[in-house]
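Take a look at the structure below.
In this text the structure is predicted, and so the values were computed from the model without any measurement. Along the sequence shown, residues carry numbers from 1. One-based numbering, in listed order, for ligands and for the atoms of each.
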Amino acid sequence: MISIALVVAAVTTAIAYFIDWLPEQASEERQGIDLVFWVTVGICIFVFAVVASVSIYAGVKFRVRPDDESDGPPIHGHTGLEIVWTAVPTVLVTVIAILSAVVLAQNDRAKGTPIRVDVLAQQFAWQFTYPEHGNVKATNLYLPVDRSTKLILSARDVLHSFWVPEFGQKQDAVPGIVTTIVITPTRTGEYRLLCTELCGAGHSLMRTRAIVLSQAEFDRWAREQREGGAAGDGGEADAEGTFVSTCGGCHVLEKAGTAGTIGPPLDDVGLAPEDVEEQIRKGGGGMPAFENELSEEQIEALVLYLTGPGR
Ligand code: CUA
(Lines give C-alpha, C1' and ligand atoms only; values in the text may rest on other atoms or scores of the structure.)
Protein backbone atom coordinates (compact mmCIF):
# COMPACT_ATOMS: atom_id res chain seq x y z
CA MET A 1 0.00 0.00 0.00
CA ILE A 2 2.75 2.40 1.02
CA SER A 3 4.79 1.65 -2.09
CA ILE A 4 1.78 2.34 -4.37
CA ALA A 5 1.25 5.64 -2.53
CA LEU A 6 4.90 6.64 -2.95
CA VAL A 7 4.87 5.85 -6.67
CA VAL A 8 1.67 7.87 -7.19
CA ALA A 9 3.18 10.76 -5.20
CA ALA A 10 6.44 10.71 -7.17
CA VAL A 11 4.61 10.67 -10.52
CA THR A 12 2.24 13.51 -9.50
CA THR A 13 5.11 15.66 -8.24
CA ALA A 14 7.09 15.06 -11.43
CA ILE A 15 4.12 15.97 -13.66
CA ALA A 16 3.55 19.19 -11.69
CA TYR A 17 7.23 20.09 -11.92
CA PHE A 18 7.64 19.54 -15.64
CA ILE A 19 4.62 21.57 -16.72
CA ASP A 20 5.66 25.16 -17.37
CA TRP A 21 3.33 26.98 -14.96
CA LEU A 22 5.36 30.03 -14.03
CA PRO A 23 6.04 33.23 -16.00
CA GLU A 24 9.50 33.56 -17.55
CA GLN A 25 12.36 34.38 -15.20
CA ALA A 26 13.58 37.92 -15.67
CA SER A 27 15.47 38.71 -12.47
CA GLU A 28 18.17 37.17 -10.28
CA GLU A 29 15.82 37.26 -7.30
CA ARG A 30 13.29 35.07 -9.10
CA GLN A 31 15.67 32.09 -9.02
CA GLY A 32 15.61 31.86 -5.21
CA ILE A 33 11.89 32.54 -5.09
CA ASP A 34 11.20 29.77 -7.60
CA LEU A 35 13.37 27.40 -5.56
CA VAL A 36 11.36 28.07 -2.38
CA PHE A 37 8.14 27.83 -4.38
CA TRP A 38 9.00 24.45 -5.87
CA VAL A 39 10.33 22.97 -2.62
CA THR A 40 7.14 24.02 -0.80
CA VAL A 41 4.72 23.06 -3.55
CA GLY A 42 6.63 19.81 -4.18
CA ILE A 43 6.28 18.83 -0.50
CA CYS A 44 2.57 19.74 -0.56
CA ILE A 45 1.85 17.73 -3.70
CA PHE A 46 3.85 14.75 -2.44
CA VAL A 47 2.16 14.68 0.98
CA PHE A 48 -1.28 15.21 -0.56
CA ALA A 49 -0.75 12.41 -3.08
CA VAL A 50 0.39 9.99 -0.34
CA VAL A 51 -2.57 10.81 1.92
CA ALA A 52 -5.10 10.76 -0.92
CA SER A 53 -3.93 7.47 -2.43
CA VAL A 54 -3.76 5.72 0.98
CA SER A 55 -7.27 7.02 1.78
CA ILE A 56 -8.72 5.85 -1.52
CA TYR A 57 -6.97 2.47 -1.27
CA ALA A 58 -8.16 1.94 2.33
CA GLY A 59 -11.69 3.09 1.47
CA VAL A 60 -11.97 0.54 -1.30
CA LYS A 61 -10.08 -2.34 0.31
CA PHE A 62 -11.55 -2.18 3.84
CA ARG A 63 -15.06 -0.97 3.04
CA VAL A 64 -18.00 -2.55 4.91
CA ARG A 65 -19.56 -5.49 3.05
CA PRO A 66 -23.38 -5.48 2.72
CA ASP A 67 -24.01 -8.17 5.36
CA ASP A 68 -21.22 -7.21 7.79
CA GLU A 69 -22.61 -5.82 11.05
CA SER A 70 -19.65 -6.59 13.33
CA ASP A 71 -17.66 -3.89 15.18
CA GLY A 72 -14.11 -3.03 14.17
CA PRO A 73 -11.22 -4.09 16.43
CA PRO A 74 -10.78 -1.82 19.52
CA ILE A 75 -7.67 0.28 18.83
CA HIS A 76 -6.15 2.83 21.18
CA GLY A 77 -3.43 4.96 19.61
CA HIS A 78 -0.07 3.93 18.17
CA THR A 79 2.99 5.55 19.70
CA GLY A 80 5.23 4.80 16.70
CA LEU A 81 2.81 6.46 14.25
CA GLU A 82 2.33 9.46 16.55
CA ILE A 83 6.08 10.05 16.63
CA VAL A 84 6.31 9.75 12.84
CA TRP A 85 3.49 12.18 12.06
CA THR A 86 4.90 14.69 14.52
CA ALA A 87 8.52 14.40 13.48
CA VAL A 88 8.06 14.45 9.67
CA PRO A 89 6.03 17.71 9.50
CA THR A 90 8.40 19.34 12.02
CA VAL A 91 11.38 18.56 9.81
CA LEU A 92 9.58 19.71 6.63
CA VAL A 93 8.37 22.99 8.13
CA THR A 94 11.83 23.68 9.56
CA VAL A 95 13.44 23.06 6.16
CA ILE A 96 10.96 25.45 4.47
CA ALA A 97 11.53 28.11 7.16
CA ILE A 98 15.34 28.00 6.91
CA LEU A 99 15.32 27.96 3.10
CA SER A 100 12.88 30.91 2.98
CA ALA A 101 14.94 32.92 5.45
CA VAL A 102 18.13 32.35 3.43
CA VAL A 103 16.46 33.34 0.14
CA LEU A 104 14.80 36.41 1.69
CA ALA A 105 18.11 37.59 3.14
CA GLN A 106 19.87 36.98 -0.19
CA ASN A 107 17.20 38.81 -2.17
CA ASP A 108 17.43 41.82 0.15
CA ARG A 109 21.08 42.32 -0.78
CA ALA A 110 21.80 44.47 -3.82
CA LYS A 111 24.67 43.43 -6.07
CA GLY A 112 27.27 46.19 -6.55
CA THR A 113 26.01 49.76 -6.37
CA PRO A 114 22.25 49.79 -6.89
CA ILE A 115 20.43 52.62 -8.59
CA ARG A 116 17.61 54.07 -6.55
CA VAL A 117 14.00 54.53 -7.57
CA ASP A 118 11.38 56.09 -5.30
CA VAL A 119 8.02 54.44 -5.86
CA LEU A 120 4.83 56.26 -4.89
CA ALA A 121 1.62 54.25 -4.89
CA GLN A 122 -1.76 55.93 -4.75
CA GLN A 123 -5.32 55.16 -5.80
CA PHE A 124 -4.94 54.09 -8.63
CA ALA A 125 -1.59 54.81 -10.18
CA TRP A 126 2.15 54.24 -9.79
CA GLN A 127 4.77 56.95 -9.96
CA PHE A 128 8.51 56.37 -10.19
CA THR A 129 11.09 59.03 -9.31
CA TYR A 130 14.82 58.77 -10.08
CA PRO A 131 16.70 60.87 -7.47
CA GLU A 132 20.09 60.09 -9.05
CA HIS A 133 18.87 61.42 -12.37
CA GLY A 134 17.60 64.86 -11.42
CA ASN A 135 14.36 63.56 -9.88
CA VAL A 136 13.02 62.54 -13.23
CA LYS A 137 9.50 61.14 -12.90
CA ALA A 138 7.90 58.37 -14.91
CA THR A 139 4.68 56.37 -14.91
CA ASN A 140 6.45 53.28 -16.28
CA LEU A 141 9.28 51.71 -14.29
CA TYR A 142 12.48 51.96 -16.37
CA LEU A 143 15.37 49.75 -15.21
CA PRO A 144 18.83 48.93 -16.54
CA VAL A 145 19.53 45.23 -17.13
CA ASP A 146 22.09 43.23 -15.07
CA ARG A 147 22.23 45.83 -12.36
CA SER A 148 20.47 46.00 -9.01
CA THR A 149 17.80 48.61 -8.48
CA LYS A 150 16.66 49.47 -4.99
CA LEU A 151 13.01 50.51 -4.91
CA ILE A 152 11.94 52.68 -1.99
CA LEU A 153 8.18 52.32 -1.67
CA SER A 154 5.66 54.61 -0.03
CA ALA A 155 1.89 54.96 -0.27
CA ARG A 156 -0.17 58.10 -0.26
CA ASP A 157 -3.54 56.76 0.82
CA VAL A 158 -4.08 53.05 1.49
CA LEU A 159 -2.14 49.78 1.24
CA HIS A 160 -0.89 48.83 -2.20
CA SER A 161 1.52 46.13 -3.26
CA PHE A 162 4.19 46.15 -5.94
CA TRP A 163 4.59 43.07 -8.12
CA VAL A 164 6.11 42.18 -11.46
CA PRO A 165 5.51 38.42 -11.88
CA GLU A 166 8.63 37.93 -14.02
CA PHE A 167 10.81 39.54 -11.30
CA GLY A 168 9.23 37.53 -8.46
CA GLN A 169 9.91 40.10 -5.73
CA LYS A 170 6.76 41.51 -4.15
CA GLN A 171 6.47 44.27 -1.57
CA ASP A 172 3.68 46.21 0.10
CA ALA A 173 3.54 50.00 -0.07
CA VAL A 174 2.21 51.14 3.30
CA PRO A 175 1.04 54.64 4.27
CA GLY A 176 3.28 56.13 6.97
CA ILE A 177 6.26 53.83 6.55
CA VAL A 178 8.88 53.20 3.90
CA THR A 179 9.52 49.72 2.53
CA THR A 180 12.27 48.59 0.18
CA ILE A 181 12.83 45.88 -2.36
CA VAL A 182 15.75 44.96 -4.62
CA ILE A 183 15.38 43.90 -8.24
CA THR A 184 18.17 42.79 -10.55
CA PRO A 185 16.71 42.29 -14.03
CA THR A 186 18.45 39.67 -16.14
CA ARG A 187 16.82 40.31 -19.51
CA THR A 188 15.57 43.32 -21.40
CA GLY A 189 11.92 43.66 -22.33
CA GLU A 190 8.57 44.88 -21.10
CA TYR A 191 6.74 43.28 -18.21
CA ARG A 192 3.41 43.83 -16.48
CA LEU A 193 3.63 45.73 -13.21
CA LEU A 194 0.64 45.12 -10.96
CA CYS A 195 -0.87 46.24 -7.69
CA THR A 196 -1.60 43.06 -5.74
CA GLU A 197 -3.33 44.51 -2.68
CA LEU A 198 -7.04 45.26 -2.95
CA CYS A 199 -6.91 49.06 -2.64
CA GLY A 200 -10.30 50.26 -3.85
CA ALA A 201 -12.61 50.18 -6.82
CA GLY A 202 -9.79 50.89 -9.30
CA HIS A 203 -7.43 48.21 -7.93
CA SER A 204 -7.64 45.91 -10.94
CA LEU A 205 -6.69 48.81 -13.21
CA MET A 206 -3.71 49.92 -11.11
CA ARG A 207 -1.17 48.50 -13.46
CA THR A 208 1.60 49.79 -15.65
CA ARG A 209 4.78 48.45 -17.25
CA ALA A 210 8.31 47.67 -16.11
CA ILE A 211 10.67 48.35 -19.01
CA VAL A 212 14.15 46.83 -18.80
CA LEU A 213 16.73 48.54 -21.02
CA SER A 214 20.44 48.03 -21.63
CA GLN A 215 22.58 50.30 -19.45
CA ALA A 216 23.33 52.55 -22.47
CA GLU A 217 19.65 52.84 -23.42
CA PHE A 218 18.74 53.50 -19.80
CA ASP A 219 21.35 56.27 -19.54
CA ARG A 220 20.05 57.80 -22.75
CA TRP A 221 16.45 57.62 -21.50
CA ALA A 222 17.41 59.26 -18.19
CA ARG A 223 19.37 61.99 -19.97
CA GLU A 224 16.50 62.76 -22.33
CA GLN A 225 14.06 62.95 -19.43
CA ARG A 226 16.37 65.21 -17.45
CA GLU A 227 16.85 67.55 -20.34
CA GLY A 228 13.08 67.69 -20.59
CA GLY A 229 13.28 67.44 -24.35
CA ALA A 230 10.35 65.09 -24.50
CA ALA A 231 7.12 64.75 -22.62
CA GLY A 232 7.74 61.31 -21.19
CA ASP A 233 9.01 59.41 -24.19
CA GLY A 234 7.75 62.05 -26.57
CA GLY A 235 4.58 62.83 -28.43
CA GLU A 236 1.10 61.39 -28.71
CA ALA A 237 2.15 57.82 -27.96
CA ASP A 238 3.57 58.84 -24.61
CA ALA A 239 0.68 61.13 -23.71
CA GLU A 240 -1.44 58.05 -24.18
CA GLY A 241 0.90 56.03 -21.97
CA THR A 242 0.69 58.70 -19.26
CA PHE A 243 -3.08 58.76 -19.59
CA VAL A 244 -3.43 54.99 -19.38
CA SER A 245 -1.24 54.60 -16.31
CA THR A 246 -2.25 57.79 -14.48
CA CYS A 247 -5.90 58.40 -15.44
CA GLY A 248 -7.11 55.13 -16.96
CA GLY A 249 -7.77 53.54 -13.56
CA CYS A 250 -10.61 56.01 -13.00
CA HIS A 251 -11.79 57.21 -16.42
CA VAL A 252 -13.21 55.69 -19.57
CA LEU A 253 -11.58 56.99 -22.74
CA GLU A 254 -12.21 55.05 -25.90
CA LYS A 255 -9.10 56.01 -27.85
CA ALA A 256 -6.86 55.01 -24.93
CA GLY A 257 -8.84 51.82 -24.36
CA THR A 258 -9.33 52.54 -20.65
CA ALA A 259 -12.35 51.49 -18.66
CA GLY A 260 -12.16 53.02 -15.16
CA THR A 261 -15.48 53.91 -13.60
CA ILE A 262 -14.44 55.88 -10.52
CA GLY A 263 -14.48 59.22 -12.32
CA PRO A 264 -16.63 60.48 -15.17
CA PRO A 265 -16.09 59.11 -18.69
CA LEU A 266 -14.00 61.47 -20.81
CA ASP A 267 -15.35 60.74 -24.28
CA ASP A 268 -17.65 63.44 -25.68
CA VAL A 269 -17.34 65.91 -22.82
CA GLY A 270 -15.92 68.82 -24.84
CA LEU A 271 -13.86 70.46 -22.10
CA ALA A 272 -11.85 73.64 -22.53
CA PRO A 273 -8.07 73.11 -22.27
CA GLU A 274 -7.80 75.55 -19.32
CA ASP A 275 -10.40 73.59 -17.35
CA VAL A 276 -8.74 70.27 -18.05
CA GLU A 277 -5.37 71.65 -17.00
CA GLU A 278 -6.82 73.16 -13.82
CA GLN A 279 -8.52 69.86 -12.96
CA ILE A 280 -5.33 67.84 -13.51
CA ARG A 281 -3.24 70.27 -11.45
CA LYS A 282 -5.57 70.96 -8.54
CA GLY A 283 -7.88 67.95 -8.56
CA GLY A 284 -11.22 68.34 -6.81
CA GLY A 285 -14.58 66.61 -6.95
CA GLY A 286 -13.00 63.43 -5.62
CA MET A 287 -10.01 63.48 -7.97
CA PRO A 288 -6.49 63.88 -6.53
CA ALA A 289 -4.24 66.77 -7.61
CA PHE A 290 -1.50 65.75 -10.02
CA GLU A 291 0.51 68.98 -10.01
CA ASN A 292 3.36 67.41 -8.06
CA GLU A 293 2.97 63.96 -9.54
CA LEU A 294 3.43 64.75 -13.21
CA SER A 295 6.08 66.83 -14.93
CA GLU A 296 5.08 70.08 -16.68
CA GLU A 297 5.66 68.32 -19.99
CA GLN A 298 3.40 65.44 -18.99
CA ILE A 299 0.59 67.78 -17.92
CA GLU A 300 0.93 69.75 -21.14
CA ALA A 301 0.89 66.54 -23.20
CA LEU A 302 -2.16 65.24 -21.33
CA VAL A 303 -4.11 68.46 -21.89
CA LEU A 304 -3.29 68.34 -25.59
CA TYR A 305 -4.16 64.66 -25.71
CA LEU A 306 -7.55 65.30 -24.12
CA THR A 307 -8.53 68.48 -25.89
CA GLY A 308 -6.40 68.87 -29.01
CA PRO A 309 -7.05 67.79 -32.60
CA GLY A 310 -7.74 64.10 -32.93
CA ARG A 311 -10.05 64.29 -29.96
CU1 CUA B 1 -3.30 49.75 -5.49
CU2 CUA B 1 -4.52 47.68 -5.57
Angle at atom 2 (Cu) of ligand 1 between ND1 of His203 and O of Glu197, to 10°?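 It comes to 80°.
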Practice prompt. If you have a sec, read the angle at atom 2 (Cu) of ligand 1 from Cys195 atom SG over to Cys199 atom SG, to 10 degrees.
Written response: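 Value, to the nearest 10 degrees: 120°.
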Is there side-chain contact between [X] and [Y], with heavy atoms separated by less than 4.5 Å?
X     : Y     : value
Arg63 : Arg65 : yes
Thr12 : Phe48 : no
Leu22 : Arg30 : yes

For this session: Starting from atom 1 (Cu) of ligand 1, look over the N/O/S atoms of His160 and name the nearest one.
Result: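 Nearest N/O/S atom of His160: ND1.
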Verify the distance test for Met206 against atom 1 (Cu) of ligand 1: any N/O/S atom under 2.8 Å, yes or no.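 Within the cut-off used here (under 2.8 Å), Met206 does place an N, O or S atom near atom 1 (Cu) of ligand 1.
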Closest approach of Pro89 to Val84 (non-hydrogen atoms, all atoms of both residues):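 Reported closest heavy-atom pair: CD-O, 4.0 Å.
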